[in-house]
Amino acid sequence: MNAAQPRSLTIVGAGLAGALLAILLARDGWRVDVYEKRGDPRVRGYAGGRSINLALAERGRHALERAGAEAAVMRQAVMMRGRMVHFADGRTELQRYGRDDSEVIWSVHRGDLNLTLIGLAEAAGARLHFDRRLDAVDFEAGSARFVDERDGTCAQIGFAALVGADGAGSAVRSAMQRATDLGERVEPLGHGYRELEIPPAADGGFRIEPNALHIWPRGGYMCIALPNDERTFTVTLFMPNHGDPGFDSVRTPEQARALFARDFTDALPLIPDLEADWAANPAGTLATLYLERWHLDRRAVLIGDAAHAMVPFHGQGMNCAFEDCVELAQRLRGEAPLEDVFAGFQAARQPNALAIQQMALENYREMRDRVDDSDYLLQRALELELQQRHPGRFVPRYAMVSFMRIPYALALERSRRQHAILERATYGLDSLDRVDRGALDAEIRAQLAPLEQG
Ligand SMILES: Cc1cc2nc3c(=O)[nH]c(=O)nc-3n(C[C@H](O)[C@H](O)[C@H](O)COP(=O)(O)OP(=O)(O)OC[C@H]3O[C@@H](n4cnc5c(N)ncnc54)[C@H](O)[C@@H]3O)c2cc1C
């Protein structure tokens with residue numbers, strides 16, 4: 001690093017990305033200060049607020065490993081081998097994500113994960129300041145105002161450069177936007193979510209298959225459930241904001257029970273406190289955030305949801321945010337001036353963030369509407385066969401995103417070509433008997449070069 005450069009960085013937000021970046025940078029010798037608006041979760045308990053658990057995949061695991069956090073996190077993770085689809089008629093079917101148990105995703109508890117990362121960040125030498133909400137930034141003076149959430153007092157703190165890891169509603173981003181046009185566009189999904197809980201069974205075990213991500217697809221809306229280490233499941237209902245059903249027509253706990261009794265019949269008896277959960281957990285909104293610029297010269301840069309919030313249907317928001325941290329920390333190891341580091345970081349990550357945002361939107365339709373559809377099942381069967389015939393060459397999108405670390409943009413581009421091949425090969429068919437394997441093999445070899453594991 002150039003001696004003239006500041007070796008200190010100020011991170012705003014000690015959520016998932018902020019805490020992980022703090023570990024990586026502190027270990028590399030940076031002086032790191034992290035300001036977080038919530039209280040210290042080690043003292044007051046975790047005040048999460050949303051998505052109690054998350055799916056962790058290969059990209060996130062790799063980043064955790066780089067930070068020395070993987071073993072601690074994986075001790076509490078629950079394996080999910082595939083989707084357990086709960087059809088409207090009560091049938092269930094496990095649709096595996098990968099070929100075997102080396103290709104799975106993991107359910108992790110957001111609070112436990114955040115606590116682990118915060119502890120490691122502090123142990124690595126980062127200085128954490130809780131109950132400090134970023135309120136305003138004077139980029140000319142290189143100073144930021146933080147409000148103490150306990151008593152409302154303000155402190156003015158000088159900084160060399162700010163990293164905005166303060167999530168979808170980022171205050172750093174708003175401050176940057178005042179200094180320059182970031183080209184911000186927010187696209188609301190028009191659907192929201194609400195969380196409920198399946199408690200442990202009377203004998204203390206799981207009430208339904210623990211090693212799966214459960215889905216109740218119902219066309220325009222759906223429920224999912226992810227297992228927790230303490231034998232519970234977090235259920236999330238995703239539904240349009242308006243319509244029938246929609247969050248404007250299903251408002252009260254009684255209306256929620258009626259919806260479950262009609263459409264999620266087998267889930268209802270698993271959620272004994274449905275009314276209380278409904279009343280306690282507010283509905284969350286979902287949107288995609290697009291930004292043309294992620295940095296303000298050498299003075300500020302955005303990572304994670306602050307730069308590219310996405311809808312949660314590929315389970316990749318955190319995984320992608322963790323990849324950001326590894327990329328930024330790696331670039332900060334070099335000799336380049338901060339402005340070039342931030343510009344290089346944006347150039348490397350932005351196309352990939354756009355690609356996973358797109359795939360996350362597309363996966364909502366697949367999860368709620370396609371997993372029980374005959375065209376989809378036929379294409380999926382052929383996809384699995386082609387994956388076996390052409391290992392490393394014809395790799396399903398889900399596998400490229402979840403089990404590999406190739407750039408998301410490459411996963412999107414290849415999966416589009418593969419999808420076109422599958423559609424053409426199965427067009428008008430109701431079984432795979434008449435598919436011309438020889439022609440397909442030739443087409444695949446011509447169109448898809450072997451993938452190198454990223
Ligand atoms: C319903 C749902 C399900 C999801 N499921 C998955 C999943 O399965 N897998 C996955 O990979 N991703 C999932 N995600 C996405 C994931 O939650 C986010 O991508 C991830 O939390 C982003 O991390 P972050 O650190 O950028 O932001 P956050 O985790 O939001 O952290 C931001 C931090 O900044 C703090 N902060 C905010 N404002 C200020 C301020 N003014 N001053 C100081 N501090 C501030 C906040 O308190 C918080 O601690 C899901 C999201 C939702 C909504």
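Indexing begins at 1, ligand by ligand and atom by atom, following the structure's order.
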> Parallel, tilted or perpendicular: which fits the ring planes of Y193 and F238, with parallel below 30° and perpendicular above 60°?
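Ring orientation, 0 to 90° scale: tilted.
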
> Does R132 come within less than 4.0 angstrom of ligand 1, counting non-hydrogen atoms of the residue?
yes

> Is any NZ, NE, NH1 or NH2 atom of the basic residue among R133 and E149 found under 4.0 Å from an Asp or Glu carboxylate oxygen of the other?
yes

> Is there a heavy atom of T236 sitting under 4.0 angstrom from any atom of ligand 1?
no

> Minimum distance, heavy atoms only, to atom 24 (P) of ligand 1: which one of A57, A360, A19, A17 is it?
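Looking at heavy atoms only, the winner is A17.
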
> What are the atoms of ligand 1, with element, lying closer than 4.0 Å to any heavy atom of A165?
32 (C), 33 (C), 34 (O)

> Numbering the atoms of ligand 1 from 1, which are under 4.0 Å from a heavy atom of G304?
26 (O)

> Measure Q316 to ligand 1 on non-hydrogen atoms and call it side chain, backbone, both or neither using the 4.0 Å cut-off.
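Contact part for Q316 vs ligand 1: backbone (N, CA, C, O).
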
> Taking the basic N atoms (NZ, or NE/NH1/NH2) and the acidic carboxylate oxygens, is any pair closer than 4.0 Å for R91 and E93?
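No, no charged N to carboxylate O under 4.0 Å.
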
> On the 0 to 90° scale, with breaks at 30° and 60°, tag the Y364-F313 ring pair as parallel, tilted or perpendicular.
parallel

> Could you check whether any side-chain N or O of Q76 sits under 3.5 Å from a backbone N or O of V73, counting only pairs where one atom can act as donor and the other as acceptor?
no

> Enumerate the atoms of ligand 1 whose separation from the nearest heavy atom of A55 is less than 4.0 angstrom.
7 (C), 8 (O), 9 (N), 10 (C), 11 (O)

